[in-house]
Each structure stands twice: as structure tokens, then as C-alpha cells.
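Lettering follows sequence order; numbering is per chain, from 1.
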Amino acid sequence: MSFVEIDHVSHTYFTPEAAFEAVHNIQMTVEEGEFISLLGPSGCGKTTLLSLIAGLMTPTYGTIYVDGQHPKNLKNTIGYMLQQDYLFPWKTIEQNVLLGLKVMKQLNETSKANALSLLEQMGLKNVRNQTPRQLSGGMRQRVALVRTLAVNPKLLLLDEPFSALDYQTKLKLEDLVFQTLKSFQKTAILVTHDIGEAICMSDRIYLFSKGPGRIHKVFEVPDELRSLSPLEARNHLSFTPFFQEIWKELESLENG
Amino acid sequence: MKMDDRISSLHQNYKLKIKKEKRFITICQILLFLAFFTIWEVASRREWVDPLIFSSPSKIWHLLLNKISDASLFHHMVVTLTETAAGFIIGTLAGTILATILWWSPLLSKILDPYLVVLNALPKVALGPILIVALGPGFTSIITMGAVVSVIITTIVVYTSFREVDPNYLKVLQTFGATRKQIFQEAVFPSSLPAIISTLKVNVGLSWVGVIVGEYLVSNEGLGYLIIYGFQVFDFTLVLMSLLIIAVLAAIMYQAVAVLEKLTAKNRN
């Protein structure tokens with residue numbers, strides 16, 4: 001059995017006026033340690049699928065298994081990163097980082113020391129007593145990453161975590177997240193609308209079409225790009241042709 | 001070097017200008033204060049206004065000194081202040097607790113919605129006679145009046161701010177598997193704290209209304225009682241003195257809450 005199994009999943013939202021199908025018949029498996037990207041135009045149900053995998057909602061049809069269980073029954077197996085950092089402004093950086101452990105009642109000397117050493121590895125040790133407002137966007141997103149990793153999840157769900165950052169910060173953070181996840185051997189699913197980001201970070205890319213959201217095509221990222229860090233991958237010879245291939249597919253989606 | 005000198009002298013000028021303006025404003029405020037009381041005094045002595053009704057600052061001042069020396073005034077002040085503070089704290093606490101219950105059960109909040117609207121629109125002091133009959137003519141019913149005037153509006157304001165908390169904060173907690181209680185403690189309550197504190201400012205004023213009206217109705221002590229007593233024996237010096245004391249005390253209480261608000265805001269930035 002694969003680490004993540006998504007079997008014929010569809011999800012429909014209900015409002016008094018209408019029933020709106022957000023994703024339709026999604027079939028997907030992710031092995032442990034893989035980095036997967038979900039790519040597609042906005043409104044194609046990527047975030048819905050991520051919420052379903054996180055167990056925040058139950059799919060209308062189909063089943064999802066993460067590590068052999070329903071996501072709702074899992075505790076601290078799944079970490080979720082949002083588009084913005086959503087650090088709590090009334091808590092210090094340290095309190096923010098320890099939030100997950102506190103909520104899960106797993107806050108003890110060992111777990112705390114772990115989280116703080118993670119903070120140190122991200123070069124954020126000296127800001128632990130500051131508040132989020134005093135930090136730059138890139139630093140805040142790094143703190144959010146530490147907050148997510150502090151509970152030691154096996155699977156990371158990344159919902160466009162770089163989209164609110166300026167370009168330079170975004171490239172640096174892509175590298176940092178990539179290296180960190182690889183070194184801890186985490187499984188990750190990234191939602192993005194940035195083709196370059198999907199190519200340089202992941203092993204496999206699922207291209208979604210919308211109305212309702214479904215998997216249009218699956219791309220395997222060439223081996224020579226996979227082994228490189230995101231920044232190196234963007235400069236590799238095979239980056240541009242692969243980018244073109246996906247670009248054309250996306251274009252055909254919009255015209256078709 | 002010359003450039004630096006020029007900048008620093010310009011900066012000096014700028015600071016001086018701000019200082020001058022501040023001083024001008026303070027002087028105007030003091031003059032306005034003096035003018036008001038001087039005109040009042042003169043108008044009363046020359047009988048441009050009826051001194052029996054409008055009294056005069058000097059008469060009020062003498063009465064104040066009298067009342068301070070026989071220690072009776074202090075007692076009335078303490079009574080009213082205690083009632084107001086108690087009513088205000090109970091009203092705010094009860095309102096916040098009610099808001100919490102409404103947040104806890106969205107269904108209950110939908111069911112109670114029209115009742116809250118009606119209760120909010122109702123002038124609470126109209127409940128005075130019923131409270132006095134139910135709770136007895138005394139301390140309890142006056143404090144209840146002070147609380148009742150502020151509890152519904154607190155409930156509505158605080159509940160609204162509970163609901164306006166950015167849902168993404170809740171999502172962060174949900175991904176950690178937080179319970180509803182944890183979500184309330186970690187996100188909903190702390191992020192609404194500024195709203196709660198700012199209702200305190202409104203509630204201070206409301207509680208004064210409730211307590212003074214309560215004292216009008218039943219009490220034999222307190223500043224509201226002094227006003228009603230002065231009115232009954234046609235001693236308007238007493239009425240105006242009590243009124244001035246209430247104005248000063250209410251302003252002090254309001255300022256204290258404003259300081260509290262500033263302190264909590266500071267902790268957030």
C-alpha cells in the first residue's frame with residue numbers, strides 16, 4: 001500500500017442556491033519520501049483536495065488513506081502550511097513555534113528542545129522572543145515552517161506557501177524547504193500555480209483542469225532535475241524544454 | 001557639515017512649532033475653563049440667571065468644603081463608585097460569557113438572535129421598577145441596573161468580534177487537531193481581546209447611567225441620591241455639586257480604561 005492513496009475521490013460543496021462540484025474522480029498515489037506538486041489554474045480544486053487529504057473535510061465520494069488510515073483519525077502525521085504564515089500576532093515567535101505541540105499536549109523538555117533547535121537551524125534563534133510583526137515576510141514563513149515541522153509530521157501539505165513573498169525570498173525559501181524536507185525524508189504535496197516552482201521542487205506533477213477539478217495529465221520530472229536543488233534546477237538545460245511542455249498543456253486547457 | 005547643520009536647525013524649528021501649538025491648545029483649554037466658571041459666577045451674582053436654580057461656583061465650592069469636612073461626601077462617593085465599578089465589571093463579564101456561549105453553539109445564537117435584537121433596543125432603565133420589586137430596594141438592585149444596561153450590547157459586540165476572527169487562524173489550529181475549547185483559548189479569545197477592552201470604554205458610561213437612575217429610584221445614599229434629595233428640598237447647589245463630582249469621577253474611570261486599552265495594545269506590537 002502506498003503512503004497516500006486517493007481513490008476515486010469527488011467532493012461537492014452545498015449552498016442553498018446550488019451544489020458545486022469542486023473536484024471530480026481524483027485517483028492518485030504518493031510513496032513515502034516523494035515530493036508531489038498539484039499544478040493548475042485557480043479554481044481547479046487544488047486547495048479542496050489538500051483540505052480533504054488533511055482530514056479537514058470528508059470527501060462526498062471515494063476514500064483517502066494516509067499511512068493506511070483515514071486522515072480524520074490521524075494525529076500529528078500531517079502538517080499543513082498555508083499561503084500566508086498566519087503566525088499568531090499576540091504570541092512570541094517561540095510560543096508560535098510551540099503551538100502545535102501545546103495543542104497536541106506533547107509539549108515537554110525534549111520536544112521543546114527539538115523545536116528550538118529547528119528554529120536555530122533556520123537562523124531564527126535570536127528572534128525567538130520577538131513578535132511576528134517585527135519580522136520580514138520571509139522570516140515569518142520560515143517560522144511557520146518550523147511551527148509545522150515541530151510536531152514532526154510524516155506528510156507535509158503546502159498550499160502555495162511561497163505565493164505571498166517577493167521573488168528573491170521565494171527562491172531562497174524554496175531551496176530551504178526543499179533541503180529541509182529532503183534531509184528529514186518527509187513526504188510532501190505542494191499546491192501551486194507556478195510551473196517553474198512545480199518543476200524545480202517535485203518528483204511528479206499533477207496538472208489539474210477546472211470545472212470541476214480533475215487530473216488532466218501527470219508529468220514525471222526528469223531524473224537530472226530531481227536530484228538538483230530548486231535554484232540549480234532552474235538553471236539546468238532540461239528545465240526550459242520541460243517548462244515549455246507543461247506550458248503548452250496549460251495553454252491547451254485554457255483554449256479548450 | 002553645513003548640510004547637517006541646516007537639517008538639525010530645521011528639525012529644531014519643527015520641534016519648536018509642535019511645542020508651541022501644544023502650549024497654545026493647553027492655554028485655550030484653561031482659559032475656556034476659567035471663562036465658563038467666571039461667567040457663571042458673575043451671571044449668578046448679578047442675577048442674570050436665577051441664583052436659586054443655577055447656584056454659583058463659589059456656593060458650590062463652599063458646600064463642597066463643608067461636605068468634605070463633615071466626611072459625609074466621601075461616603076456617598078464611595079457608595080456610587082462601588083456600585084458603578086461592580087455593575088460595570090459584572091456587565092462586561094456576563095456579556096463576554098454570553099458571547100462565548102453563543103459562539104460555542106451557532107444554532108443557539110441563531111435561535112436567540114431576534115431576542116437579542118429586542119433586548120438591545122429596549123431602554124434598560126425601564127426595567128428599574130421590576131428589578132427593585134424582585135431584588136429589593138437597595139445595593140443589589142442598583143448594581144444589577146448598572147450591569148443590565150451594558151450586558152446585551154457587550155454580548156453583541158464581543159460575539160461579533162468572535163465571529164470575525166480570520167478563519168485561517170482556526171485552520172492552523174484544526175490542522176493540529178485542536179478541540180473547540182483550544183481554538184477558543186488560542187485564537188478566538190486572544191484575537192478578540194482588543195474588542196472586549198474597547199467595549200469596556202462604552203460600558204463605563206452605560207454603568208453610570210444605570211447606577212444613577214437606580215439611586216434616583218431607591219437609594220438613601222450615593223451621588224444619585226444627593227441629586228434627587230437636593231431636587232426635593234430645592235437645594236440646587238447640592239444638585240450641581242453632585243453633578244460636577246460625577247463628571248470628574250466618570251472621566252477618571254474612562255481614562256483608566258483608556259490606559260488599560262493602550263497597555264494591551266502595546267503588548268501586541
In terms of heavy-atom contacts, does CZ of B/F139 have more than 12 from other residues, nucleotides or ligands at under 6.0 Å? yes
Note: A/V103 and B/L173 closest approach over all heavy atoms is CG2-CD2, 3.7 Å
Whatever's closer than 4.5 Å to a heavy atom in chain B on A/I78 counts as backbone
What distance separates A/Q106 CD from B/F176 CZ, expressed to the nearest 0.5 Å? 11.0 Å
I'd like to know whether CZ of B/F74 has more than 12 heavy-atom contacts from other residues, nucleotides or ligands below 6.0 angstrom. no
Assess whether atom NZ of A/K125 is packed by more than 12 heavy atoms of other residues, nucleotides or ligands within 6.0 Å. no
In terms of heavy-atom contacts, does CZ of A/F3 have more than 12 from other residues, nucleotides or ligands at under 6.0 Å? yes
Looking at every heavy atom in both B/E186 and A/K102, which two are closest together, and how far apart are they? OE2-NZ, 2.9 Å
Please report the shortest heavy-atom distance between A/F88 and B/A187, naming the atom on each side. CE2-CB, 3.9 Å
If you count heavy-atom pairs within less than 4.5 Å of chain B, which of A/R147, A/K72, A/Q84 leads? A/R147
Please indicate whether B/K124 has more than 12 foreign heavy atoms, meaning atoms of other residues, nucleotides or ligands, lying under 6.0 Å from its NZ. yes
Compare all side-chain heavy atoms of A/S51 with those of B/K171 and state whether any distance is below 4.5 angstrom. yes
List the atom of B/N168, the atom of A/L82, and the distance in Å for their closest heavy-atom pair. O-CD1, 3.8 Å
Heavy-atom neighbours of B/R163 CZ exceed 12 at 6.0 Å: no
Test side-chain contact (heavy atoms from CB on, under 4.5 Å) applied to B/Q174 and A/Y80, step by step: CA-CA 10 Å; B/Q174 278 164 353; A/Y80 201 114; over 6 Å; no
To the nearest 0.5 Å, what is the distance between OG1 (B/T175) and CG (A/L50)? 11.0 Å
State, yes or no, whether a side-chain contact exists between A/P89 and B/Y169 at a heavy-atom distance under 4.5 Å. yes
Heavy-atom contact with chain B under 4.5 Å, split by part of A/L87: backbone
Neighbour count >12 (heavy atoms, 6.0 Å) for atom NZ, A/K112: no
